[in-house]
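Quick note on labels: first sequence line is chain A, next is B, and so on, each numbered from 1.
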Amino acid sequence: MYRALRAEVADVLERALEAQELPTDDLGIEDPPGGVDATLASSVAFRLAGTLGEAPAAVAAQLSDEIDVSDATYIGAVTNAGPYLNVHASETYYEETLLAGLDPTYGTLPDRDERVVVEHTSANPTGPVHVGRARNPIIGDAIARVLSAAGYEVERHYYVNDAGRQMAVFTWAYETFEEDDLPAPDRAKPDYDLVRYYRAGNDYLESENEQKVAAAETEIEAIMRGLESGDEATYRRVSQVVEPVLEGMRQTLERLPARFDEFVRETRFMRDGSTEDLVQRLKALPNAEQADGAWQLDLAGRGIDKELVFVRSDDTSLYPTRDIAHHEWKLRNFDRAITVLGEDHELQARQLRAALDQLGNDVSRLRAVHYSWVNLPGGEGMSTRRGTGIDLDDLLDEAIDRARQEVEARMDDRLRDDDLDEGDIDRIAHQVGIGAVRYDIVAKQASKAITFEWERALNFEAQSAPYLQYVHARCSGILTEAGREPVGSPDADALTHPTERELLAVMARFPAVIEEAADDLAPHVVATYCRELAETFNAFYRECPVVSSEVSEDTGEARLALVSGAKHTMANALDVLGVEAPESM
RNA sequence: GGGCGCGUGGCCUAGCGGACAGGGCGAAAGGUUCCUAACCUUUCGAUCGCGGGUUCAAAUCCCGCCGCGCCCGCCA
């Protein structure tokens with residue numbers, strides 16, 4: 001409703017300005033600050049005051065007279081408050097919002113026949129997923145979800161780096177070291193098992209004498225050349241390391257849950273010849289040049305100081321080369337391609353974009369979202385190779401444990417008499433624990449750095465997932481208590497309490513929030529919205545009984561519809577964030 | 001050194017050109033015979049890193065500086 005109202009306001013304002021032959025390029029439509037009794041506002045009067053030579057307040061008064069709302073559906077009235085124009089929503093606005101909320105899919109935008117691929121996580125299959133990496137699947141999955149809610153057809157991809165030097169080192173280490181010489185794995189999972197070889201291999205290369213390292217390097221290079229030439233035997237050797245580790249990582253990500261439609265392996269673009277073909281096209285570009293036997297693209301003309309090396313002097317390709325082939329493939333198969341990357345990939349992403357552009361691809365269909373680092377207190381980073389960092393599995397286990405303790409602690413002084421059983425406690429512990437971790441990460445702008453702290457990540461009160469989930473559970477509780485579904489034609493007139501109107505007004509904005517989050521690839525705006533919705537609902541909850549003998553039938557019916565709408569809105573908003581919405585907690 | 005990003009009460013965070021900078025944590029006080037108190041109410045607390053500039057209007061845009069992060073590999 002909000003989106004329709006906004007469009008209507010623009011229309012009405014434009015007509016009023018045109019009638020007075022005033023410019024309509026900047027209508028200054030905005031959300032009024034809290035405490036102002038209006039649904040939308042405009043500050044056009046400021047802009048026109050100069051050209052008209054009158055005070056803004058006078059212009060606003062004049063405009064509010066000029067504006068004709070008689071044809072409008074969602075605008076009730078336009079008044080002026082000093083220099084501002086305040087738009088008040090019509091009764092229809094509230095009525096239609098109440099009605100729309102009854103739809104369990106409320107907030108989902110119409111299909112738009114556009115295929116989008118969201119690539120996220122894509123962590124090298126070297127070992128267990130740690131918390132530093134977890135920001136990627138949580139943000140990536142939320143972006144995929146918000147795009148899906150916004151009507152796009154979404155596919156989620158994990159790009160697997162199963163070629164290249166790191167994998168060659170890993171394969172060599174796996175074939176070289178004896179299990180007896182390694183520490184016991186932290187968990188009985190393939191990623192925890194195999195990462196020990198990876199760490200041992202890297203240690204060896206860093207600490208052994210020159211001769212031994214040189215011998216190892218020879219073996220590693222042989223593996224890389226085997227991959228490059230498409231040698232089946234080499235591919236199988238690497239696969240026996242990559243695939244189990246990837247499976248272990250997939251299992252951990254599944255817990256979030258972050259699921260993928262496809263794991264796209266890098267070797268695919270070597271084996272199908274597309275990398276080779278690409279290299280020929282890159283070499284033919286005017287700014288391609290050879291330096292010390294290697295081939296590179298000089299991107300200075302595009303404002304990038306660093307050359308993009310795409311063929312080594314030994315004639316093998318590099319990760320960025322294959323990634324260009326990968327992205328051409330994405331652009332062939334999808335209308336838009338979005339990649340979620342760490343801030344350390346910023347330069348690489350710019351180079352990739354520039355190269356793709358030069359090759360004649362439409363790079364406007366490409367977008368990258370970069371997120372900042374998750375550090376440990378004290379500033380230490382998380383590294384799979386060095387074994388520093390907190391494993392995501394441990395964080396999730398701890399989150400669930402603490403959530404379970406909370407549930408059990410609250411059982412004793414619980415007011416509601418609904419006999420939660422063991423299964424419920426387990427369910428709630430998972431929903432709350434995992435939800436808290438996800439929300440803590442998704443609620444923050446991706447560009448802000450995060451310092452990981454247990455207490456903060458696992459705080460279950462106030463601005464956290466459980467606070468929002470609780471609202472959903474409260475709605476469910478009321479609907480259960482009522483013992484029936486709201487009727488199909490509720491009467492918004494019966495909702496006269498300010499908290500009721502406010503709740504409807506917040507609900508009305510939900511589709512616009514989804515649209516904005518999708519346009520900006522910013523799921524955190526949905527997180528912020530959830531908080532507002534929760535606060536507004538709690539105010540209503542405090543003031544307005546729904547299932548009570550003191551409430552008239554009409555009012556009770558309308559409130560039941562309102563609760564149903566709030567429940568659907570919260571459920572769908574949480575779903576976009578990947579946070580579960582419990583029926584009880 | 002260069003490039004990109006970030007800097008909002010003790011801590012975390014929203015806002016990123018318009019009406020008194022919203023929340024939360026924390027601290028203090030209150031609220032449950034009534035739909036779940038993982039809740040709500042009140043109080044405390046901010047030169048929006050610093051200095052200039054643009055504008056009727058700047059946390060928001062521009063310039064400079066400071067601090068922090070990331071990047072500047074024939075690694076990925």
Side-chain angles (χ1 to χ4, degrees), chain A residues 28 30 32-36 41-43 46-47 49-50 55-56 81-84 86 122 124 126 161 163-167 169 266 291-296 303-306 309-314 316 318-320 323 342-348 350 370 372-373 375 379 381 403 406-407 409-410 413-418 428 432 440 443-445 447-451 453 455-456 459-471 473-482 524-525 527-528 531-532 534-535 538-539 541-551 559 563 584-585:
Chain A
E30 61 198 57
V36 173
S42 167
S43 56
F46 283 110
R47 274 153 260 253
Y84 294 95
N86 282 341
S122 302
N124 293 344
T126 52
N161 166 21
R165 189 181 150 78
Q166 284 193 43
M167 288 308 113
V169 169
E266 195 180 348
D292 301 325
W295 277 89
Q296 61 186 31
I304 301 172
D305 288 336
K306 180 78 187 75
V309 179
F310 59 91
V311 178
R312 292 192 184 90
S313 51
D314 69 356
T316 55
L318 292 89
Y319 175 86
D323 205 21
E343 62 177 338
D344 53 332
H345 285 68
E346 199 106 38
L347 176 63
Q348 189 209 335
R350 285 206 298 143
H370 294 275
S372 291
W373 254 206
N375 283 316
E406 284 292 326
V407 184
R410 287 163 200 272
D413 43 33
R414 197 175 165 82
L415 286 173
R416 192 178 176 82
D417 176 28
D418 57 359
I428 296 165
V432 167
D440 185 58
K444 287 169 183 149
Q445 281 189 45
S447 58
K448 300 230 182 190
I450 294 179
T451 299
E453 286 165 68
E455 293 313 316
R456 205 193 305 288
N459 174 14
F460 297 141
E461 271 162 21
Q463 280 177 11
S464 67
Y467 174 69
L468 312 171
Q469 294 173 312
Y470 190 58
V471 166
R474 272 182 158 173
C475 291
S476 293
I478 292 170
L479 291 166
T480 305
E481 197 70 28
H524 82 274
V525 310
T528 305
R531 225 187 58 215
E532 285 173 43
E535 279 163 9
N538 282 328
Y541 182 87
R542 182 181 71 245
E543 302 288 337
C544 303
V546 180
V547 186
S548 164
S549 54
E550 290 165 34
V551 177
R559 284 180 180 170
V563 169
S584 68
M585 61 187 279

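Between A/A163 and A/N538, it is A/N538 whose nearest contact on RNA chain B lies nearer the 5' terminus. Between A/R542 and A/H345, the residue anchored closer to the 5' end of RNA chain B is A/R542, taking for each the nucleotide with the nearest heavy atom.
Nucleotide B/rG30 has B/rC40 as its partner under the Watson-Crick or G-U criteria, with both atom distances under 3.5 Å. With a 3.5 Å ceiling on both atom-pair distances, B/rG45 lacks any Watson-Crick or G-U wobble partner.
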Revision key, fill the gap. Letter by letter from the 5' end, nucleotides 21-29 of chain B scores (B base, S sugar-phosphate only, - none; protein heavy atoms under 4.0 Å) -BBSS----
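Looking at A/R350 and A/E346, no side-chain N of the basic residue comes within less than 4.0 Å of a carboxylate O on the acidic one, giving no salt bridge.
Atom OH of A/Y319 and atom P of B/rC71 are 15 Å apart (whole Å). A straight line from CG of A/D292 to C1' of B/rG73 spans 13 Å, rounded to a whole angstrom. When rounded to the nearest whole Å, the span between CG of A/D344 and P of B/rC70 equals 9 Å. Going from atom NZ of A/K448 over to atom P of B/rC70 covers 18 Å, rounded to whole Å. Summarising the geometry, the separation between CZ on A/R350 and C1' on B/rC72 is reported as 10 Å, rounded to the nearest angstrom.
The side chain of A/R312 approaches B/rA76 more closely than any other nucleotide in the set B/rC35, B/rC72, B/rA76. Closest to the side chain of A/Q445, from the set B/rC16, B/rA19, B/rA76, is B/rC16. For A/L318, the listed nucleotide lying nearest its side chain is B/rC74; candidates were B/rC74, B/rA19, B/rC39. Of the candidates B/rC75, B/rG5, B/rG15, the closest approach to any side-chain atom of A/H524 belongs to B/rG15. The listed nucleotides are B/rA19, B/rA37, B/rA76; the one nearest the side chain of A/Q166 is B/rA76. Side-chain proximity of A/W373 to the nucleotides B/rC35, B/rC72, B/rG69 is greatest for B/rG69. Of all nucleotides listed (B/rA37, B/rC35, B/rG18), B/rG18 comes nearest to the side chain of A/R47.
If you check the side chains of A/T126 and A/N124, you find no donor sitting under 3.5 Å from an acceptor.
Once the 5.5 Å centre distance and the 30° plane angle are applied, the aromatic ring of A/F460 is found not to be stacked with the base of B/rA38. Here A/F46 lies parallel enough and close enough to stack on the base of B/rG18, with planes under 30° and ring centres under 5.5 Å apart.
Residues satisfying the side chain to side chain donor-acceptor pair (under 3.5 Å) test with A/R47, not counting sequence neighbours, are A/D26, A/S43.
The heavy-atom pair separating A/M585 from A/P466 by the smallest distance is CE-O, 3.8 Å.
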